[in-house]
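Everything below concerns the one structure shown next.
One-based numbering, in listed order, for ligands and for the atoms of each. Note that the coordinates shown come from a computational prediction; the quantities given were computed from them, not determined experimentally. The first residue in the sequence is number 1, and the count goes up from there.
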Amino acid sequence: MHWWSIVALAGVVALAAFVLLRTQWLRLRRERELLELYRSLKEISSSPDVKTVLTTVAAHAAQAIGAKDAVVMIRSGEDLRTFSGIDADVQPIANVLGRQAFEQEPPLPSVVVMRTGQPLLIDDVRDHAGPPGFQDACEAAGVRSVLCAPIRASSGVAGCLNLAFDRPNAFGPREERLATAYAEQAALGLERAIVYELEQEAMQKLQELDALRTDFVSAVSHEIHTPLTSICGFSELLTETWDELVDEDRQEFLGRIAAQAKQLAGLVDDLLDVGRLDAGAIGTAEPLHLRMLVRSVLELLNEELQRHRIHVDIPARTVVNANAAGCERILFNLLTNAAKYSPPGSLIAIRAVTADGEVTMSVCDEGIGIAADEQEKIFERFYRAQRGDAGPRGTGLGLPIAKRYAEAMGRRIWVTSEPGAGSTFSFTLELGDHVVEAAAV
Ligand code: ADP
């Protein structure tokens, strides 16, 4: 055999071996890719929340494709929420880029993908005109090329899977194919996770509603039970001992019965008001003389306010255009609270200030005040500020009712308060342009 035929044979054998090895290597790589895809799918199918699903997909995608990192971006209002797979340095950069992403020009690659629904291949970020700060951010994270694949949910493009590479021109058809597969996986996981989160939210709302119902039943039962016990007790006492009692005692017991009955009537009024306001029923507006209105509410509350100093500062002839029952109810509830939550002897001031076609009424007390984080919550139904069992009784309905009346009149109500120093509740009313007869008072 000639030497050249030996060389030729060796060449053929080497070529055959090379082809065989390469086929084997490609098969192994394909198997690895499928395995990675399967692992990712398995992990996300047992992960219920959006964050776990998207970081898992991003991590597996980066690993399978051989990228430096992968970042999933999904829409959240005008921002993009970002989920990075591997590199801790990339996440904060992605977070910054995601802020107000839909308002930036030129747009971020993810925004382009979400608008067009097509993949975007950036071979070299240095040649890509992104929004201000985009190139610097890539430089800081050591990113040179980016492959972006749309995450298509049933309702449209929900986000974008970005694969970041540390060298330019780092990807080809294989990487693009894999990126699309992972983006599809992210879409599946995302839809499942969103459904799960909605279910959780609904469940939490139901639990809150249930807790609220229990609180309401216990608060109302307590509020009914206490005056009823007194009414029953004093009536029995009166019936059994009528002949032995002197007039003074009889009068005192009857007075107590009347006071407790009044409290019960107040509670029934509150509950009726809640129903009425829920049904959207509120009477019409009419010109009201503010000083007279305040005077009539003060008369109603004569007993509750007798241990406080009352100061009224309302310019004479101030007329508002408002619903009388609504206005009285708001004032009534605010003054009842001012008396309830401030010590005897302290000052309660009622003021009215006119500006820009509105009258701002305020009820100011020197009471226990309300912590900053509770100042909004106290306008929610049945909410009572946390201060143990020792505080005054109540149902948590007074302020929500006042708020609903104010809103039904197209106005606002709010509180400013400092714990330990006192509270000022204010609400606005439309300034009236009529001159009512009583305005001369
Ligand atoms: P209630 O007084 O029956 O509890 P409200 O809706 O009138 O219900 O008030 C809700 C909560 O707001 C009260 O439980 C109380 O903690 C707080 N609050 C209301 N008014 C005042 C006030 N003037 N000073 C301090 N706390 C107040």
Side-chain angles (χ1 to χ4, degrees), residues 211-227 260 262-278 294 297-298 300-301 303-305 307-312 326-351 360-408 412-427:
L212 214 61
R213 192 179 53 84
T214 315
D215 285 356
F216 170 68
V217 171
S218 88
V220 170
S221 319
H222 188 248
E223 287 300 289
I224 292 176
H225 190 255
T226 317
Q260 300 296 337
K262 194 173 155 192
Q263 200 172 323
L264 268 183
L267 176 64
V268 172
D269 274 352
D270 276 355
L271 294 172
L272 285 177
D273 262 0
V274 171
R276 243 194 316 265
L277 287 165
D278 273 352
V294 170
V297 177
L298 285 175
L300 279 176
L301 285 168
E303 211 173 301
E304 286 81 353
L305 296 170
R307 289 187 300 155
H308 287 81
R309 289 178 291 126
I310 307 296
H311 173 76
V312 180
C327 248
E328 279 174 9
R329 195 82 177 121
I330 299 175
L331 260 175
F332 185 94
N333 289 3
L334 296 186
L335 284 166
T336 310
N337 281 347
K340 231 161 71 166
Y341 299 105
S342 66
S346 63
L347 183 74
I348 296 176
I350 306 156
R351 295 197 179 89
T360 302
M361 285 285 296
S362 55
V363 174
C364 181
D365 66 52
E366 298 175 332
I368 53 180
I370 302 152
D373 63 335
E374 292 191 302
Q375 290 175 13
E376 257 185 57
K377 292 189 197 147
I378 53 170
F379 290 97
E380 287 168 19
R381 273 185 202 181
F382 312 127
Y383 186 88
R384 308 203 67 229
Q386 304 301 318
R387 48 178 69 106
D389 293 336
R393 296 197 335 248
T395 51
L397 283 174
L399 291 178
I401 288 174
K403 184 172 181 219
R404 292 294 293 270
Y405 267 120
E407 286 172 352
R412 293 171 299 127
I413 183 165
W414 68 96
V415 64
T416 50
S417 179
E418 202 181 312
S423 311
T424 300
F425 283 86
S426 308
F427 63 100

Discussion item. Working to the nearest 0.5 angstrom, can you tell me the gap between Leu267 CG and Glu223 CD?
Written reply: 6.5 Å
Worksheet, complete the sentence: The answer for which part of Lys340 has a heavy atom under 4.0 Å from ligand 1 is side chain
Worksheet item: Can you tell me if Gly396 has a non-hydrogen atom under 4.0 Å from ligand 1?
Response: yes
Discussion item. Please determine whether any non-hydrogen atom of Asn333 lies less than 4.0 Å from an atom of ligand 1.
Written reply: no
Worksheet item: Does any non-hydrogen side-chain atom of Phe425 lie less than 4.5 Å from one of Leu399?
Response: yes
Discussion item. Using the side chain to side chain contact (heavy atoms under 4.5 Å, CB included) definition, which of the options Val363, Leu334, Ile370 pairs with Val415?
Written reply: Ile370
Worksheet item: Which atoms of ligand 1 sit under 4.0 Å from any heavy atom of Gly398?
Response: 5 (P), 6 (O), 7 (O), 8 (O)
Response to the item:
Heavy-atom proximity to atom 7 (O) of ligand 1, picking from Thr424, Thr395, Asn337, points to Asn337
Worksheet item: Counting only heavy atoms, which portion of Asp365 has something under 4.0 Å from ligand 1: side chain, backbone, both, or neither?
Response: side chain
Worksheet item: Roughly how far, to the nearest 0.5 Å, is the CG atom of Asn333 from the CD1 atom of Ile413?
Response: 8.5 Å
Response to the item:
Taking only non-hydrogen atoms of Pro400 and a 4.0 Å limit, the atoms of ligand 1 in range are 6 (O)
Item to complete: Kindly compute the distance separating NZ (Lys377) from OH (Tyr383), expressed to the nearest 0.5 Å.
Response: 4.5 Å
Practice prompt. Mind jotting down which residue pairs meet the salt bridge (charged side-chain N to carboxylate O under 4.0 Å, His left out) criterion with at least one end in residues 396-405? Sequence neighbours excluded, please.
Written response: Asp278-Arg404, Lys403-Glu407
Worksheet, complete the sentence: When every non-hydrogen atom of Gly367 is compared with those of Pro343, the smallest separation belongs to CA-CD, 4.0 Å
Worksheet item: Does any pair with a residue in residues 360-369 pass side-chain hydrogen bond (donor to acceptor under 3.5 Å, both in side chains), and if so which ones, sequence neighbours excluded?
Response: none
Worksheet item: At a 4.0 Å threshold, what atoms of ligand 1 neighbour a non-hydrogen atom of Gly369?
Response: 25 (C)
Discussion item. Looking at ligand 1, would Phe379 count as a contact under a 4.0 Å heavy-atom criterion?
Written reply: no
Worksheet item: Under 3.5 Å, N or O to N or O, is Ile368 touching ligand 1 that way?
Response: no
Response to the item:
When rounded to the nearest 0.5 Å, the distance separating CD1 of Ile350 from NE2 of His311 is 9.5 Å
Worksheet entry | Ligand-side contact atoms (ligand 1) for residue partner Leu397, heavy atom cut-off under 4.0 Å | 6 (O), 8 (O)
Worksheet entry | Numbering as shown, the atoms of ligand 1 that approach Tyr383 to under 4.0 Å (heavy-atom distance) | 10 (C), 11 (C)
Fill in: From Val363, Ile401, Thr336, Ile378 - option closest to atom 17 (C) of ligand 1 by heavy atom
Ile378
Discussion item. I need the contact type for Ile370 against ligand 1. Using non-hydrogen atoms and a strict under-4.0 Å cut-off, is it side chain, backbone, both or neither?
Written reply: side chain
Worksheet item: What distance separates Lys340 NZ from Glu304 CD, expressed to the nearest 0.5 Å?
Response: 10.5 Å
Fill in: Phe425 N/O under 3.5 Å from ligand 1 N/O
no
